[in-house]
Amino acid sequence: MELQYDEYGAGNPHRLHAHLFAKGLAASGLDSEYGAYLDEAPLEVLMQNNVMSLFGLNRRLRAASLGFHAAFEATSSAPSRKIARGLQRLDFPPEMVEYYTEHVEADSVHEQLAVRTMCGTLIEEEPEQHANVWFGAWAYLHVEDLYGERMLTEWSA
Amino acid sequence: MNQQAPDEHPDVILCPDGPMLLRGEHVIEDEDGKEHSTTRPVSAVCRCGASGIKPWCDGTHKTMRKRPGR
Ligand code: FES
């Protein structure tokens with residue numbers, strides 16, 4: 001709950017994370033409408049989203065959903081710092097950079113909350129869900145890996 | 001002092017080899033005497049000393065050697 005509240009800007013609409021991203025896109029001269037670039041998104045990105053929804057929409061997969069989320073948060077702050085630095089180097093507007101610097105700090109907290117208070121509590125209460133948490137975490141790392149491979153191949157082509 | 005039931009949410013959580021989580025609003029004074037107010041429902045304060053955004057944790061502790069015996 002605390003994590004979600006933070007994503008929603010802790011009550012400050014200007015700090016809403018989705019809003020920060022939209023502001024960054026607009027400042028970069030990109031379309032900030034929902035789904036604007038859907039047809040251009042590599043299939044690996046859509047796959048990530050589908051796996052996330054699949055876990056989230058099925059109660060029997062709720063532990064996998066938490067594992068997926070924790071793995072995401074736990075691998076987010078360091079890359080966010082690198083992305084922010086890269087965007088700065090490429091002269092992207094400060095609004096776009098800000099989205100990523102915010103996540104360096106925010107996701108260091110979210111990682112701890114997701115792993116400890118969410119996955120940890122679930123496993124304590126329902127130890128039989130242990131393997132499913134790992135299943136979700138590995139599923140996340142797998143789809144993220146596929147996306148990374150795809151981008152690196154395209155960039156080096 | 002209020003007796004806290006053990007199942008209540010603690011205000012301060014020390015993460016092993018990681019940051020200190022603070023629930024609620026706090027003002028932190030850093031090594032240079034500068035004050036920083038928390039802005040989140042939960043904040044992570046760097047305990048490893050290697051963060052690039054001190055006093056907050058930025059995840060750098062994960063790249064450091066673990067304490068022996070862990
Ligand atoms: S405790 Fe996380 S960066 Fe220092």
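Every chain is numbered from 1, with letters handed out A, B, ... down the list of sequences. Nothing here was measured: the structure is a model prediction, and the numbers come from that model.
A donor and an acceptor atom, one from each side chain of A:H142 and A:D145, are nowhere located under 3.5 Å apart. Counted by atom type alone, B:D17 and B:H61 present zero donor-acceptor pairs between their side chains at under 3.5 Å.
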Step-by-step side chain to side chain contact (heavy atoms under 4.5 Å, CB included) determination, A:F21 to A:Y100 = CA-CA 9 Å; A:F21 193 65; A:Y100 290 97; 3.9 Å; yes
List the steps, then state whether side chain to side chain contact (heavy atoms under 4.5 Å, CB included) holds for B:D11 with B:L22.
-> CA-CA 6 Å; B:D11 298 323; B:L22 291 178; over 6 Å; no
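Within the 3.5 Å criterion, the main-chain N or O of A:E105 finds no donor-acceptor partner in the side chain of B:R40. No donor-acceptor distance shorter than 3.5 angstrom exists from the side chain of B:S37 to the backbone of B:V27, with no hydrogens or angles considered.
Ionic pairing of B:D58 and A:R81 is present here: one or more N-O contacts between side-chain nitrogen and carboxylate oxygen are shorter than 4.0 angstrom.
Between B:L21 and B:C15, the shortest heavy-atom contact is CG-SG, 3.8 Å.
For chain A, the option among B:I13, B:T63, B:I53, B:T39 with the highest count of heavy-atom pairs below 4.5 Å is B:I53.
Annotation: residues 43-77 of chain A contacts chain B through A:A74, A:S77 [non-hydrogen atoms, separation under 4.5 Å]. Listed in order of number, the residues of residues 149-157 of chain A that approach chain B to under 4.5 Å between heavy atoms amount to none.
Residue-environment remark: CD (A:E128) exceeds the threshold of 12 foreign heavy atoms within 6.0 Å.
Interface residue A:E111: only side-chain heavy atoms are found under 4.5 Å from chain B.
Ring pair A:H103/A:Y99: centre-to-centre distance below 6.0 Å.
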